[in-house]
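So that the names make sense, note that chain A is the first sequence line, chain B the second, and so on, each numbered from 1.
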Amino acid sequence: MTDRPSLRARGQLRPLDRSILLAEAPAAAERVLGLVLTSSIGDATVSVRIVETEAYRQDDPASHSSRGRTPTTEPMFGPPGFSYVYFTYGMHHCMNVSCEPDGIGAAVLLRAGVVVEGVEAAQVRRPGSPQRDLARGPARLAAALAIERSWSGRDLLDPAGALRLADDGWRPGADTIVAGPRTGVRHGSRTPWRFWLDGVAEVSPHRRHAKAQR
DNA sequence: CTACCGATATTCT
DNA sequence: GAATATCGGTAGA
């Protein structure tokens with residue numbers, strides 16, 4: 001069980017080394033756990049500590065990049081450390097961080113976070129939500145941080161950007177990271193490319209795709 | 001807790 | 001037309 005105080009404590013934010021995202025998507029997805037994503041979109045600043053991720057690669061039928069480079073999936077094919085935001089089910093946005101070298105279509109989906117700054121602003125964006133659920137799930141996380149598709153393709157490692165990913169000095173212990181099958185995917189549902197921090201209440205409940213196969 | 005369902009836009013067949 | 005990297009509601013165990 002990861003102790004709760006460590007999830008909320010904040011040290012000095014340091015810029016990330018882009019090379020940590022140069023890794024293959026599953027390794028990059030593990031490395032993103034524990035990092036802090038900050039949004040200064042609109043008139044509020046909201047930060048979350050990432051506690052759940054999923055890896056998507058080019059040779060993977062569940063990945064948006066598997067059917068080639070398109071204008072929407074372009075950020076997945078660019079250099080590591082850029083945002084890829086997609087719109088799905090007619091109403092939800094989801095946020096990814098590109099990984100792997102320039103030219104390869106891969107990214108880490110940010111599935112859940114603990115709000116460590118700007119709880120009040122997040123509550124305004126997600127009225128009626130219990131605090132635990134403010135960023136529990138990829139579309140909820142995007143909503144809490146006011147991320148929409150216009151924020152796709154941004155460099156998250158630019159310390160002056162409105163959307164930025166950083167390390168505040170806290171890192172999860174290797175023995176607190178758990179892996180399992182990805183949530184809601186129809187193809188490739190047996191690949192254990194979902195990663196989360198053990199025992200953290202803000203991790204989203206696992207949902208199988210209704211017609212999951214392979 | 002699990003299971004189902006409807007809402008809804010973009011992309012693919 | 002059909003499918004979808006989801007969510008929030010309701011119903012039931």
Problem set entry | Residue pairs fulfilling salt bridge (charged side-chain N to carboxylate O under 4.0 Å, His left out) with at least one residue in residues 63-80 of chain A, sequence neighbours excluded | A/R69-A/E74
For nucleotides 10-12 of chain C, give me every protein contact, N/O to N/O, under 3.5 Å, one pair per line with atom names.
none

Exercise. Who pairs with A/V119 by side chain to side chain contact (heavy atoms under 4.5 Å, CB included), at least two apart in sequence or on another chain?
Worked result: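 Side chain to side chain contact (heavy atoms under 4.5 Å, CB included) check on A/V119 returns A/V115, A/Q123, A/Q131, A/L134.
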For this session: Report the residues that fulfil salt bridge (Lys or Arg N to Asp or Glu O under 4.0 Å) with A/R140, sequence neighbours left out, ordered by chain and then residue number.
Result: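 In terms of salt bridge (Lys or Arg N to Asp or Glu O under 4.0 Å), with neighbours along the sequence ignored, A/R140 is linked to no residue.
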Exercise. Going by atom types only, do A/R136 and A/S129 share a side-chain donor-acceptor pair under 3.5 Å?
Worked result: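 No, A/S129 and A/R136 have no side-chain donor paired with an acceptor closer than 3.5 Å.
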For this session: Would you please test A/Y56 and A/H64 for ring pair (Phe, Tyr, Trp, His ring centres under 6.0 Å) and show each step?
Result: CA-CA 8 Å; A/Y56 288 89; A/H64 293 170; 7.3 Å; no
Exercise. Cationic tip of A/R149 within the cone over A/W151's six-membered ring, i.e. under 6.0 Å and within 45° of the normal?
Worked result: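 So A/R149 doesn't make the cation-pi contact.
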For this session: Apply the test side-chain hydrogen bond (donor to acceptor under 3.5 Å, both in side chains) to residues A/S40 and A/R164: give CA-CA distance (whole Å), side-chain angles for both, the deciding distance (0.1 Å), then the verdict.
Result: CA-CA 9 Å; A/S40 300; A/R164 50 204 184 273; 3.3 Å; yes
Exercise. Excluding sequence neighbours, so at least two apart, what forms side chain to side chain contact (heavy atoms under 4.5 Å, CB included) with A/P26?
Worked result: A/E24, A/A55, A/R57, A/W193, A/F195
For this session: With sequence neighbours excluded, tell me which residues meet side chain to side chain contact (heavy atoms under 4.5 Å, CB included) with A/P79.
Result: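 Once residues adjacent in sequence are excluded, the partners of A/P79 under the side chain to side chain contact (heavy atoms under 4.5 Å, CB included) criterion are A/F82, A/D102.
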Please tabulate, one pair per line, each protein N/O and nucleotide N/O from nucleotides 3-7 of chain C that are separated by under 3.5 Å, including the distance.
unit_1, atom_1, unit_2, atom_2, d
C/dT4, OP2, A/R186, NH1, 3.2
C/dT4, OP2, A/H209, NE2, 3.3
C/dA5, O4', A/Y56, OH, 3.4
C/dA5, N7, A/A62, O, 3.0
C/dA5, N7, A/H64, NE2, 3.2
C/dA5, N6, A/H64, N, 3.3
C/dA5, N1, A/N96, OD1, 2.8
C/dA5, N3, A/Y86, OH, 2.9
C/dT6, OP1, A/R111, NH1, 3.4
C/dT6, O2, A/H92, NE2, 2.7
C/dC7, OP1, A/P138, N, 3.3
C/dC7, OP1, A/A139, N, 3.1
C/dC7, OP1, A/R140, N, 3.4
C/dC7, O4', A/H92, NE2, 3.1

Problem set entry | Of all pairs that satisfy ring pair (Phe, Tyr, Trp, His ring centres under 6.0 Å), the ones with a partner from residues 91-142 of chain A, not counting sequence neighbours | A/F87-A/H93
Between the protein and nucleotides 11-13 of chain B, which nitrogen or oxygen pairs are less than 3.5 angstrom apart?
none

Exercise. Side chain to side chain contact (heavy atoms under 4.5 Å, CB included) with A/S152: which residues, sequence neighbours excluded?
Worked result: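 By the side chain to side chain contact (heavy atoms under 4.5 Å, CB included) rule, A/S152 matches A/P75, A/Y84, A/V85.
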For this session: Applying salt bridge (Lys or Arg N to Asp or Glu O under 4.0 Å), name anything that partners A/D167, two or more places apart in sequence or on another chain.
Result: none
Exercise. What stems, by residue range, does DNA chain C take part in, given at least 3 consecutive Watson-Crick or G-U pairs under 3.5 Å?
Worked result: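 Stems found: B:1-7 with C:6-12, B:9-12 with C:1-4.
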For this session: Identify, between A/H206 and A/F87, the residue whose nearest nucleotide on DNA chain B lies closer to the 5' end.
Result: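 Of the two residues, A/H206 wins.
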